[in-house]
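A quick write-up on the structure given underneath.
Note: hydrogens, waters and symmetry copies are ignored here, and every other heavy atom, side chains too, is used. Order of the sequence lines fixes the chain letters, A, B, ..., with proteins taken first and strands second; residue numbering starts at 1 for each chain.
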Amino acid sequence: MLWSKLFIPTLRENPAEAEVVSHQLLLRGGYIRQLAAGIYSYLFLAQRSFLKITRIVREEMDAIGAQEMLLPALNPAELWQESGRWEIMGDNLFRLKDRFGRDLCLGMTHEEVMTSIARGELRSYKQLPQIWYQIQTKFRDEPRPKSGLLRVRQFIMKDSYSFDIDAAALDASYDKHYDAYCKIFDRCGLKYMVVEAHSGAMGGSQSHEFMVASDAGEDYVVNCSACGYAANLEKAAARPTAPAAADPDGDLTPEQFHTPGQKTIEQLSAFTKLPESAQMKSLVLIADGKPILALLRGDHSLSETKFSSVVKATEFRPAHPEEIRQLFGADAGSLGPVGVKNMRVIVDEALKGRRNMIAGSNKDDYHLRHVTPGEDFDAEYFDLRQVAAGDACLTCGGAIALIKCVEIGHIFKLGYRYSESMGLRVLNEAGEEIKVIMGSYGIGIERILSAAIELYHDKDGMALPPSIAPFDVVVTPVNYSDAALRSAAQEIYESCRKMDLDVILDDRDERPGVKFKDADLIGIPYRITVGKKLAQGQVEIIDRKTKASEDVDKDYAAAFVASKMRA
RNA sequence: CGGGGCGUGGCUCAGCCUGGUAGAGCGCCUGGUUCGGGACCAGGAGGCCGGUGGUUCGAAUCCACUCGCCCCGACCA
């Protein structure tokens with residue numbers, strides 16, 4: 001294609017609204033334009049890149065026997081009411097009414113629609129397994145869209161769903177997806193981690209996320225470089241650092257002491273001259289309307305995800321100050337577990353075996369010393385703690401690091417969540433009606449591009465992996481009005497085309513600097529510069545990523561690039 | 001939803017405090033000179049200053065309301 005005929009509106013300056021690199025470069029490179037908060041138009045270059053990405057996705061999905069479909073984005077409320085997600089999804093679901101006042105929503109994923117198709121048609125175990133997928137636009141009414149294409153209200157997702165006869169068969173479908181996802185992300189040129197993930201409120205036994213390390217990300221991955229353990233912070237477990245001071249010995253009884261104005265762990269630590277780890281942190285949460293007291297070591301923080309799975313609550317929040325006062329007769333700064341009878345008390349495992357700690361006394365301005373869990377109050381132990389950097393890995397003892405990441409893919413075992421609520425059953429070999437077990441698997445198409453840019457860019461622009469760049473190679477005659485340069489460039493352009501390269505000829509009447517800057521900005525992997533050296537029959541081939549330049553014979557240029565592309 | 005910031009030509013921004021002719025750089029158009037890392041000269045087009053209402057002889061500027069966008073937090077299959 002001829003650059004002069006294309007719409008590639010590059011910008012010299014960064015638009016003010018863009019903060020993260022991928023957003024800035026997508027805008028500057030003329031890939032995208034914003035239509036509204038979290039809603040973007042994908043221009044020519046972005047669309048080309050997405051077509052390359054989705055092609056890879058299709059090839060790998062098809063390779064595991066998945067069948068592509070295309071389902072409606074507009075869904076009737078009834079379907080979502082059946083699965084319960086009409087309520088559960090709350091404000092995240094885009095809802096609308098038609099002219100007759102019927103409730104509809106825009107799908108954020110398609111478990112319901114897929115299940116409704118399956119329950120109408122799948123009758124026998126002989127029809128299983130099935131893997132169905134689509135590449136389709138999804139909608140989420142994000143409270144805060146941000147970071148360019150990383151967090152948006154409308155986006156493209158590859159979502160697939162597996163239907164299996166039993167758990168073992170689901171494992172097989174899951175493993176197929178796991179492998180396919182690795183191939184997809186490998187082919188897209190991404191550096192990624194596969195981490196254990198929380199399977200969410202929707203149930204399900206196992207879940208992995210595919211993560212790309214990036215400061216632009218919103219998830220934290222806990223990683224042990226020694227043994228390779230990797231998990232989403234939400235569900236990660238690790239051994240905490242040892243308490244900063246040993247507990248006092250002996251079978252001491254709790255003893256109240258005056259702590260005027262000491263409200264926070266930090267203040268109390270300074271006041272008592274004891275480390276934060278000598279204290280118990282008391283958190284009051286209201287889970288499904290009922291209060292729960294959660295205890296953690298003073299220097300630890302609560303993992304809300306772990307908390308919610310422990311208490312199996314659909315909804316929970318920190319208690320309001322008035323509620324705390326009413327339940328404890330004291331304010332948040334002086335709460336403790338001793339004597340608490342009117343609610344469940346759950347205790348983080350890091351407190352197991354600890355003795356004679358400091359806790360609130362449920363009387364303002366007083367705390368207790370010598371509080372021992374299990375003796376001075378009943379303790380139900382759970383892993384409630386959010387892992388912190390520096391903790392020790394449970395498998396190898398290595399130091400745990402926290403890495404900020406962008407989630408590009410997520411696979412998980414749904415179990416019977418939808419087949420149960422929506423009545424998807426088949427007959428097994430014995431003629432018995434059994435529920436179908438399902439899995440669900442997603443890939444964010446835009447996030448692949450964004451993550452690649454986050455991963456591969458420099459001060460001049462994007463350095464996209466060849467497999468997902470909008471073009472393979474740009475032919476850049478230094479001066480297009482020079483007849484010799486022009487005809488050589490055209491020749492090279494034609495031979496690139498014959499070799500099936502995605503080639504663009506920069507035939508614009510621009511100064512060379514402008515063409516180089518633009519080519520660097522939009523991230524075309526290879527550039528063939530036709531300039532001075534043409535007199536010797538040579539052109540330059542520049543690798544966008546390494547900036548390495550090689551002189552080759554002009555007649556060999558296309559083949560040279562083609563061989564690089566294949567490498 | 002809470003906190004903060006910003007809306008002035010396509011982009012980046014000045015002007016606003018202290019009301020009185022709407023500006024700069026980049027981009028765009030025409031002509032010319034240039035041509036290996038965002039050229040130069042000359043000429044030119046393009047803005048109901050986010051919207052509504054108010055104050056005033058007069059509002060980009062002051063006041064009120066409102067809409068939009070960005071950031072932090074909350075939220076997050």
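Contacts of A:Arg28 with the nucleic acid, taken as non-hydrogen atoms under 4.0 Å apart, include base atoms.
The glycosidic torsion of B:U21 lies within 90° of 0, which places this base in the syn conformation.
The base of B:C76 sits within donor-acceptor range of the side chain of A:Arg151, with an N or O pair under 3.5 Å.
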B/S/- contact track for nucleotides 22-31 of chain B, protein heavy atom under 4.0 Å | ---BSS----
Set out, line by line, the N/O atom pairs under 3.5 Å between protein and nucleotides 65-69 of chain B.
residue	atom	partner	partner atom	Å
B:C69	OP1	A:Ala37	N	2.7

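Listed nucleotides B:C76, B:G38, B:G36 differ in distance to A:Val514; the shortest reach to its side chain belongs to B:G38. For A:Pro143, counting side-chain heavy atoms from C-beta on, the closest listed nucleotide (B:C71, B:G36, B:A74) is B:A74.
A:Arg95 places a side-chain N or O within donor-acceptor distance of the main-chain N or O of A:Trp86, the cut-off being under 3.5 Å.
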Please table the atom pairs, donor to acceptor, closer than 3.5 Å between any side-chain atom in residues 72-80 of chain A and protein atoms at least two apart or in another chain.
residue	atom	partner	partner atom	Å
A:Asn75	OD1	A:Trp80	NE1	3.0
A:Asn75	ND2	A:Pro72	O	3.0

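Partners of A:Thr109 by side chain to side chain contact (heavy atoms under 4.5 Å, CB included), not counting sequence neighbours, listed by chain and number: A:Arg85, A:Glu111, A:Met157, A:Tyr161. Checked against side chain to side chain contact (heavy atoms under 4.5 Å, CB included), A:Arg486 has the following partners two or more places apart in sequence or in another chain: A:Tyr480, A:Ala483, A:Gln490. Scored by the ring-ring contact (aromatic ring centres under 6.0 Å, His included) test, A:Trp3 finds no partners at all (sequence neighbours excluded). By the side-chain hydrogen bond (donor to acceptor under 3.5 Å, both in side chains) test, A:Gln67 is found to be paired with A:Gln130, residues two or more places apart in sequence or in another chain being considered. Checked against side chain to side chain contact (heavy atoms under 4.5 Å, CB included), A:Ser301 has the following partners two or more places apart in sequence or in another chain: A:Gln386.
Of the residues near RNA chain B, A:Asp460 and A:Pro145, the one whose nearest nucleotide (by heavy atom distance) lies more toward the 5' end is A:Asp460. Nearer the 5' end of RNA chain B, as judged by each residue's closest nucleotide, is the contact made by A:Glu19, out of A:Glu234 and A:Glu19.
Base pairing analysis places B:G58 opposite nothing; no Watson-Crick or G-U wobble pair with both distances below 3.5 Å involves it.
Pairs passing the ring pair (Phe, Tyr, Trp, His ring centres under 6.0 Å) check and including a residue from residues 526-548 of chain A, sequence neighbours excluded, do not occur.
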